[in-house]
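A short worksheet on the structure shown next.
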2 protein chains.
Amino acid sequence: MCKTCGCSFRSRDFGNIERFIEPCILLLLSKSSSHGYGLMEDLEKHCGEKVDIGDLYRTLRRMEKDDWVKSDWEKNIAGPDRRTYTITADGKNFLMSAASSLIRTDKLIHRFLEGYQKIKIIH
Amino acid sequence: MCKTCGCSFRSRDFGNIERFIEPCILLLLSKSSSHGYGLMEDLEKHCGEKVDIGDLYRTLRRMEKDDWVKSDWEKNIAGPDRRTYTITADGKNFLMSAASSLIRTDKLIHRFLEGYQKIKIIH
DNA sequence: ACACATATATGTAAATATCATATAGTAAAA
DNA sequence: TTTTACTATATGATATTTACATATATGTGT
């Protein structure tokens, strides 16, 4: 049920990749360690990802539970302290397998789009 | 929690596009009307999609509720009767917008893979 | 009579996403 | 000095989606 207008149609955008944010985070962290709020800004700037900040923090905690990242509190004079995340060996491995999966996903999309072009020409 | 081995890691494959099956179904139906079981075979053969049959039937009923397809029962001498689905005008519109979304998704994946190639060269 | 392929459907649980809200530190404006 | 804005982390509640199991029924071949 669409929340904005109350209609019976689903409102979520189509085409979302499940948990795409996770490899994006790991890619950023493999360049340099960072904290949640900083990752939010980088995800929007460099990854074209719009981010729900609550989801991002929850995702980071989950990724630490999965041992893909580890975190340490960092003193911050200019504002609230930060929880700084660093990628682990497991995180690098997942990033590698995620890249393979995304290549497969990309092929599926291409196959679909090719098929779509064909029916578009006919009709 | 992983069901097969009981470990604390998530087991689902990474890279799944949410509801990707729906535009795939609509693409097949825009070639010719079909029923659930037939769509299952075509999705696996032509779309490279492994399909949960229960999910497929539920998805088709939902798509009819959304007016993307309509269905009629068809007599079948060679087996149980079939519910045959036909794409609607709304379904064609959704298919078009899904194709646009997937082009965007594809760009996100490419951006990610380019970034990944860069860090792979460095490390 | 029984197994098997075809055919549709639902129950339940887990995982994920969305939206709202809570809390707190720092700095600058009013 | 109080209020506002920005930075920063986190959780509650709900909706959506997926996964796996199970139920039901028809027709064919052995």
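Throughout, protein chains are lettered first and strands after them, A, B, ... in sequence-line order, and every chain is numbered starting at 1.
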Subject >> Partners meeting side-chain hydrogen bond (donor to acceptor under 3.5 Å, both in side chains) with A/Asp106 (sequence neighbours left out) >> reply: B/His110
**OP:** Would you mind reading off the distance between A/Arg58 atom CZ and D/dT14 atom C1', rounded to a whole angstrom?
**Re:** 11 Å
Subject >> Whole angstrom value for the distance that separates C1' of D/dA19 from CZ of B/Arg19 >> reply: 17 Å
**OP:** Specify the separation, in whole Å, of atom CG of A/Leu39 and atom P of D/dA8.
**Re:** 11 Å
Original post:
Tell me: CG of B/Leu43 to P of D/dT18, nearest whole Å?
Top reply: 13 Å
**OP:** Using a 4.0 Å heavy-atom cut-off across all strands, classify A/Gly38 as base, sugar-phosphate, or nothing.
**Re:** nothing
**OP:** For the side chain of B/Glu18, starting at C-beta, report the closest nucleotide among D/dT18, C/dT12, C/dT18.
**Re:** D/dT18
Original post:
Which letters describe nucleotides 23-30 of chain D, given B = protein heavy atom under 4.0 Å from base, S = only from sugar-phosphate, - = neither?
Top reply: --BBS---
Original post:
NA contact type, A/Arg61, heavy-atom cut-off 4.0 Å: base, sugar-phosphate, or nothing?
Top reply: sugar-phosphate
Original post:
So does A/Glu114 pair up with A/Arg111, basic N to acidic O under 4.0 Å?
Top reply: no
Original post:
Considering only heavy atoms and no angle criterion, is a donor-acceptor pair shorter than 3.5 Å present between the side chain of A/Arg82 and the base of C/dG25?
Top reply: no
Original post:
Once you round to the nearest 0.5 Å, how far does CG of B/Leu60 lie from OH of B/Tyr85?
Top reply: 4.5 Å
**OP:** Would you mind telling me which residue lines up with the more 5' stretch of DNA chain D, A/Tyr57 or B/Ile17, judged by nearest nucleotide?
**Re:** A/Tyr57
Original post:
If you check the B/Asp52 side chain, which of D/dT17, D/dA10, D/dC20 turns out closest?
Top reply: D/dC20
Subject >> Residue list, ring-ring contact (aromatic ring centres under 6.0 Å, His included) with B/Phe94, at least two apart or on another chain >> reply: A/Phe14, B/Trp68
Original post:
What residues, two or more places apart in sequence or in another chain, satisfy side-chain hydrogen bond (donor to acceptor under 3.5 Å, both in side chains) together with A/Ser100?
Top reply: none
**OP:** Could you grab the distance from atom CG of A/Asp42 to atom OH of A/Tyr37, nearest 0.5 Å is fine?
**Re:** 12.5 Å
Original post:
Closest heavy-atom contact between B/Ser33 and B/Thr84?
Top reply: CB-CG2, 4.0 Å
Original post:
Between atom CH2 in A/Trp73 and atom P in C/dA24, what is the gap in whole Å?
Top reply: 13 Å
Subject >> Length of the line joining A/Lys75:NZ and D/dT7:C1', which is rounded to integer Å >> reply: 15 Å
Subject >> N/O donor-acceptor pair under 3.5 Å between A/Glu22 side chain and A/Met63 backbone >> reply: no
Original post:
Over how many whole Å does the gap from B/Asp66 atom CG to D/dT16 atom P extend?
Top reply: 11 Å
Subject >> 5' priority, DNA chain C, between B/Arg83 and A/Gly54 [closest heavy atom] >> reply: B/Arg83
Subject >> Near-strand residues of residues 102-111 of chain B, defined as heavy-atom separation under 4.0 angstrom from DNA chain C >> reply: none
Subject >> side-chain hydrogen bond (donor to acceptor under 3.5 Å, both in side chains) involving A/Arg58 - partner list, sequence neighbours excluded >> reply: none
Original post:
Roughly how many Å is it from CZ in A/Arg62 to P in D/dT11, rounded to a whole number?
Top reply: 14 Å
Subject >> A/Ile53 side-chain proximity, nearest of C/dA17, C/dT12, D/dT9 >> reply: D/dT9
Original post:
For A/Phe20 and B/Asp55, take the nucleotide of DNA chain C holding the closest heavy atom to each; which residue's nucleotide lies nearer the 5' end?
Top reply: B/Asp55
Subject >> A/Lys70 vs A/Asp72, salt bridge (Lys or Arg N to Asp or Glu O under 4.0 Å): CA-CA, chis, key distance, verdict >> reply: CA-CA 7 Å; A/Lys70 66 181 190 64; A/Asp72 296 287; 3.4 Å; yes
